[in-house]
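Just below is one structure, and these are the notes that go with it.
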2 protein chains.
Amino acid sequence: MKHVTIKDIARHLSISVSTVSRALVNDKNVRKETKEKVLNAARELNYKPNPVATNLKYGHSNTVGVIVPEMVTPFASTVVSGIQSVLYAHGIKVIVADSRENPDMERENLRLMEQFMVDGIIVSLCSYRKNREDYLRLQKAGMPMVFYDRIPYGLDVPQVLVDDYRKSFFLVEKLILGGRKKIVHIQGPEDIYNSKERLKGYMDAMAKYKIPVNESTMVIRTGMTFDEGAEAAERLVGSGMDFDAIFAFTDTLAIGVMNRLRELGKRIPDEVAIASFSGTELSTIVYPKLTTVEPPLFQMGEKAAELILEKIKNPACPNRKETVNAEIRMRESSGIRD
Amino acid sequence: MKHVTIKDIARHLSISVSTVSRALVNDKNVRKETKEKVLNAARELNYKPNPVATNLKYGHSNTVGVIVPEMVTPFASTVVSGIQSVLYAHGIKVIVADSRENPDMERENLRLMEQFMVDGIIVSLCSYRKNREDYLRLQKAGMPMVFYDRIPYGLDVPQVLVDDYRKSFFLVEKLILGGRKKIVHIQGPEDIYNSKERLKGYMDAMAKYKIPVNESTMVIRTGMTFDEGAEAAERLVGSGMDFDAIFAFTDTLAIGVMNRLRELGKRIPDEVAIASFSGTELSTIVYPKLTTVEPPLFQMGEKAAELILEKIKNPACPNRKETVNAEIRMRESSGIRD
DNA sequence: GCAGGTTCCGGGAACGTTCCCGCAATCGTT
DNA sequence: AACGATTGCGGGAACGTTCCCGGAACCTGC
């Protein structure tokens, strides 16, 4: 499609390109009448500045890229809303790319953002150890970057995270104090750093109450989807093991587990209590409603946006680490009141 | 961050910028040795072409923008996956912007895409009659555009849609044949065109079986969220009206209605059968599982991508209208077997 | 009435590419 | 051996902006 340019306006008014430019950016060195003429002509010709040209000129794009590991749950979209709300207010556009839990696609997305000359990148990782070299290279090259939720391990980068360990500990403790002893942990993928932390919280809570944990039977490693949760539930029941509670890595997994357990005849929460980390709106639409640790997703987005703004303004500023406070929501699935 | 440019390579090898450019785009007019030298230097200096410059040069960005009305359900994300799968294969990048059911934000997103010089825009509307002038203007200016699912009314544009009317008709007919007579329709927002079509399907199915419909009590207009569905359920029960089935505009609404009805003591599906249009993965994680009309979302994305590719290649090509075949999934919430 | 300062505007370079044009060197043909 | 054709390369314009620089016109103050 044909764009109206500053040149067209200049030609139309038979004045110079420079003057038009000045009029449009509100430079003082233009007569008010000239400015008005230009503004009118711009409106009349339906002129839209071409940001590509100014990007080229200035070397930045007024855009921040967000790379999310998945978009099927409301998790990412809520965080992105938070990001947009603060960045839009600063006149910065937001583009989103989805890695679909695939580190190679994440890498592709990263290159896409780089080539797009975004001013900064906000990332939630697929795997805490893949693509390290790329992130290191980008960081070294001075690209502002912020990580949230699914963060890398041992990299000095700005990040906003939940207190995975403590909140897992407390939630498992609540299950124990509610009378559950045979608590199984659905760990989720091992190459997500948070999964290690949440496991640790589970282990330590169990240890505090001197409940022995056989890691090979009571901790189940799996993926991130409903189906994988359901499958874990089947394996669990199939193994004949005795259990009275589940603590899952995410609500997606927990929902998969819970629904399949019910189909297999388990009464929730009477026979099996269900609880999970990473609660989203999904936790409230299932039956029974899910007890979860609910991170303030919108706020996480806001914080991430603030951190990236800092980095953009001053790339040399120290890498801050923000921890947000996740709420423990006791709902029907655990059979425990607050 | 500092980018390595073609000039840096030229300087480094003390050859001309033109030669470097030719070597990089595989022009024949370069000696193989020279080409290799350039390629090596490019690798060594970690050169990345700056697409902003080529965009400016060629007037396009190799990017397609997708504007979605919401991102909290898996609806949009699944369609976007389909879009990405075909566009990525053509070397076209995809950026996503979320309108959050707000026509003003949609308008903003539209301008963002325009200013980004995307090669085409794929849109699902917030309102079927808002922002018409903008879409018309863009179309007149030659911007390739494709609409899906939530399409505009009476605009000759490429679009991919579901057969709202017929599938609604069939689903309601199934409810009737299953023995339900007092079927309430939760219509959803009136300014979504599909909502008119689905209402018509409902009305005609009821008419076919000579069931009188009092539109003012049996058709409820509301929004799109879980909460609005729940609220509708409350109003319904509060009104004391007798009903034995619900046909809702989307699964989101249906889920809101169903869960609240259960909380209010209604047995699903015995006392009230629930069915809805626009089924996503959410329909299968609730209890009982939801009977829905399930559009092939991924395929819708693929079709939309193909249509936009056509339009990009030849902006003058006729505006095709693709109808995809939505499946009716009978699940527990309706108490009716297929 | 003239030096100096404003005000307003046009010319042109620059951002990183691509590509057309032209020139030199080499090649192939007779 | 001499000529046109081909190959390989550099110069420079162009994409749409911004911005520096310089210059013309005007005003100010003595």
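Since this is a predicted model, take the numbers as computed values, not measurements. Throughout, a chain's letter reflects where its sequence line sits, starting with A, and its residues are numbered from 1.
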* **side chain to side chain donor-acceptor pair (under 3.5 Å) partners for B/E70, two or more places apart** => B/T73
* Among all residues two or more places apart in sequence or in another chain, which pass the side chain to side chain donor-acceptor pair (under 3.5 Å) test with A/E306? -> none
* Structure fact -> Assert: residue with more 5' nearest nucleotide on DNA chain D, out of B/I15 and B/A53, is B/I15
* Tell me the ring-ring contact (aromatic ring centres under 6.0 Å, His included) pairs involving residues 72-114 of chain A, sequence neighbours left out? -> none
* Asked: Quick one: B/N26 CG to D/dG8 P, roughly how many Å, whole number?
  -> 13 Å
* Asked: Is the shortest distance from a Lys or Arg side-chain nitrogen in B/D8 or B/R11 to a carboxylate oxygen in the other one below 4.0 Å?
  -> yes
Using residues 17-26 of chain A as the side-chain source, report each donor-acceptor pair under 3.5 Å to any protein atom, sequence neighbours left out, with the distance given to one decimal.
from  : atom 1 : to    : atom 2 : distance (Å)
A/T19 : OG1    : A/S16 : OG     : 3.0
A/N26 : OD1    : A/K35 : NZ     : 3.0

* To do: Take atom CD1 of B/I6 and atom P of C/dA14, then tell me their distance rounded to the nearest Å.
  => 17 Å
* With sugar-phosphate meaning primed atoms plus P, OP1 and OP2, does B/K32 contact a base, only sugar-phosphate, or nothing at under 4.0 Å between heavy atoms? -> sugar-phosphate
* Structure fact -> Walking DNA chain D from its 5' end, the first of B/S14 and B/L56 to be reached, judged by nearest nucleotide, is B/S14
* Rounded off to whole Å, could you give me the CG-to-P distance for the B/N29 and D/dG11 pair? => 17 Å
* In whole angstroms, how far is the P atom of C/dC9 from the CG atom of A/L24? -> 13 Å
* Using a strict 4.0 Å threshold on nitrogen-to-oxygen distance, state whether A/E108 and B/K93 make a salt bridge. => no
* To do: Give a yes/no on whether any side-chain N or O of B/T54 is located under 4.0 angstrom from OP1 or OP2 of C/dG16.
  => no
* Can you tell me the distance, in whole Å, between the CG atom of B/N50 and the P atom of D/dC15? => 18 Å
* Structure fact -> A/R31 CZ to C/dC9 C1', in whole Å, measures 9 Å
* Report the distance from atom CZ of A/R11 to atom P of D/dT17, rounded to the nearest whole Å. => 12 Å
* To do: Identify, with sequence neighbours excluded, every residue that meets ring-ring contact (aromatic ring centres under 6.0 Å, His included) alongside A/Y47.
  => none
* Output yes when at least one side-chain N/O atom of A/K7 is less than 4.0 Å from OP1 or OP2 of D/dC15, else no. => yes
* **Atom-pair distance (CG on B/N62; C1' on C/dT18), nearest Å** => 15 Å
Detail all sub-3.5 Å separations between protein N/O atoms and N/O atoms belonging to nucleotides 19-24 of chain D.
from   : atom 1 : to    : atom 2 : distance (Å)
D/dC19 : OP1    : A/Y58 : OH     : 2.8

